[in-house]
Amino acid sequence: MPLTPEQLAEIDALRATPRPTLRAVSEGMEAHLYKAAPVLDHGFVRVIDYMGNDAAIVQAARVSYGAGTKKVNDDSGLIRYLMRHWHSTPFEMCELKLHVKLPIFVARQWIRHRTANVNEYSARYSIMDREFYIPEPQHLAAQSTVNNQGRGAVLEGAEAARVLEILKSDAARTYDHYEEMLSQDGQQGLARELARMNLPANIYTQWYWKVDLHNLFHFLRLRADPHAQYEIRVYAEAIARMVADWVPVAFGAFEDYRMGGITLSGKAIAVLKRRLAGETVTQEDSGMSKGEWREFTEVWG
Ligand SMILES: Cc1cc2nc3c(=O)[nH]c(=O)nc-3n(C[C@H](O)[C@H](O)[C@H](O)COP(=O)(O)OP(=O)(O)OC[C@H]3O[C@@H](n4cnc5c(N)ncnc54)[C@H](O)[C@@H]3O)c2cc1C
């Protein structure tokens with residue numbers, strides 16, 4: 001259960017007191033505000049605050065005094081133009097602040113995205129909760145034989161059961177030891193900042209994470225991609241669903257040009273031109289390495 005009944009009541013209370021505002025709002029994002037979207041077994045993502053909407057991107061691009069928007073078609077065309085030509089600063093005018101609960105090994109990957117602002121739950125100050133990520137059986141997979149950074153076939157039978165048991169019992173044992181070391185019952189009790197070092201990387205942490213839309217798109221392109229690890233991808237996908245409601249036009253352009261588009265090298269363009277002229281091109285005379293050729297033919301056949 002990602003949230004306690006008390007926490008859910010606090011969210012309901014926040015949503016029960018709307019106030020009029022002169023600020024730009026996005027109706028789509030208002031529907032998400034404060035609510036927690038569950039991710040993995042104990043995690044979540046929830047929107048704490050946001051700034052801007054599709055119109056704010058247009059307004060910044062035109063450096064307008066007023067609303068800055070024209071006809072819907074013009075605005076949509078402008079946003080697509082900005083995305084297509086990497087004119088990125090108007091997207092930086094929109095901001096998103098999230099509250100995320102995530103396993104520490106996912107947080108390690110996430111924190112590599114330096115262009116965000118972060119404030120994390122302090123395990124020096126507070127006691128960590130007894131909450132560990134234990135994968136669903138279908139996500140317990142073997143090491144991939146073709147991708148050193150990926151997973152392959154799902155573990156089965158006795159091996160799957162044994163791995164699950166190891167994960168659960170190790171988590172329980174380390175947390176028991178954590179509590180034992182912290183305890184002040186008949187002893188001084190080890191400092192929280194030291195006792196935590198024995199906890200495994202699948203324990204959950206929490207943070208507030210604030211990022212602008214340009215850098216959020218960069219995060220989503222890398223982490224909502226099928227090559228990203230499943231456990232961070234599901235967070236990126238949950239955020240992407242919120243962004244689609246927040247800035248639908250900008251998200252549509254992002255999906256089209258970044259998620260759905262492909263960057264072609266000069267060599268790849270040359271091969272495609274030769275193919276269109278009826279020539280048969282092989283890896284050897286393409287000028288591409290074997291790896292480049294494999295990736296190229298995965299897309300173009
Ligand atoms: C599939 C995958 C596998 C990965 N494998 C590994 C791995 O094996 N080992 C590993 O260490 N990491 C790995 N990473 C992490 C990756 O190298 C990046 O650190 C991470 O994706 C963050 O990307 P970023 O630096 O572009 O993002 P951000 O930090 O958000 O930066 C966004 C952009 O801002 C600019 N920028 C930010 N800071 C600076 C700076 N100091 N100087 C110059 N420009 C800057 C750059 O243009 C950058 O692209 C992996 C990532 C993915 C998606």
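Both ligands and their constituent atoms are indexed starting at 1 by order of listing. Here the structure is a predicted model, which means the values were calculated and not measured.
A donor-acceptor contact shorter than 3.5 Å links the side chain of Gln143 to the backbone of Gly150. A donor-acceptor pair is defined here as one N or O able to donate and one able to accept, closer than 3.5 Å; no such pair exists between the side chain of Tyr133 and the backbone of Glu231. Checked by atom type and distance alone, the side chain of Arg46 never pairs as donor or acceptor with a backbone atom of Lys35 at under 3.5 Å. Asp41 contributes a side-chain N or O that, together with a main-chain N or O of Ile134, makes up a donor-acceptor pair within less than 3.5 Å.
Looking from atom 24 (P) of ligand 1 to the surrounding protein, the closest heavy atom is His218 NE2, 3.6 Å. Counting protein heavy atoms only, atom 1 (C) of ligand 1 is closest to His227 O, 4.3 Å. Scanning all protein heavy atoms for the shortest distance to atom 34 (O) of ligand 1 gives Thr115 CG2, 3.9 Å. Nearest non-hydrogen protein atom to atom 50 (C) of ligand 1 is Arg223 NH2, 4.3 Å. Protein heavy atom at the shortest distance from atom 5 (N) of ligand 1 is Gln149 NE2, 3.2 Å.
When only interatomic distances are considered, the shortest N/O to N/O separation between Arg114 and ligand 1 falls below 3.5 Å. Among the atoms of Arg112, some N or O lies under 3.5 angstrom from an N or O of ligand 1.
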> Should His99 and Tyr34 be marked as a ring-ring contact (aromatic ring centres under 6.0 Å, His included) after you check the CA-CA gap, both sets of side-chain angles, and the distance that decides it?
Replying inline: CA-CA 9 Å; His99 176 187; Tyr34 308 130; over 10 Å; no
>> Phe219 vs Trp209, test: ring-ring contact (aromatic ring centres under 6.0 Å, His included). Steps then yes/no.
In response: CA-CA 12 Å; Phe219 173 87; Trp209 191 72; 5.0 Å; yes
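Within 4.0 Å of atom 53 (C) of ligand 1, at least one protein heavy atom is present. There is a protein heavy atom less than 4.0 angstrom from atom 29 (O) of ligand 1. Shown here, atom 44 (N) of ligand 1 is out of close reach of the protein: none of its heavy atoms lies under 4.0 Å off. Using a 4.0 Å threshold on non-hydrogen atoms, atom 38 (N) of ligand 1 counts as touching the protein. Within 4.0 Å of atom 3 (C) of ligand 1, at least one protein heavy atom is present.
Each of Gln59, Arg80, Arg62 was scored for a side chain to side chain donor-acceptor pair (under 3.5 Å) with Asp75, with one residue passing: Arg62. Of the residues listed (Trp86, Phe254, Trp246), the one engaging Phe217 in a ring pair (Phe, Tyr, Trp, His ring centres under 6.0 Å) is Phe254, and it is the only one.
With salt bridges taken as basic N to acidic carboxylate O contacts below 4.0 Å, none links Asp176 and Arg173.
Using a 4.0 Å cut-off between heavy atoms, Gln109 makes no contact with ligand 1 at all.
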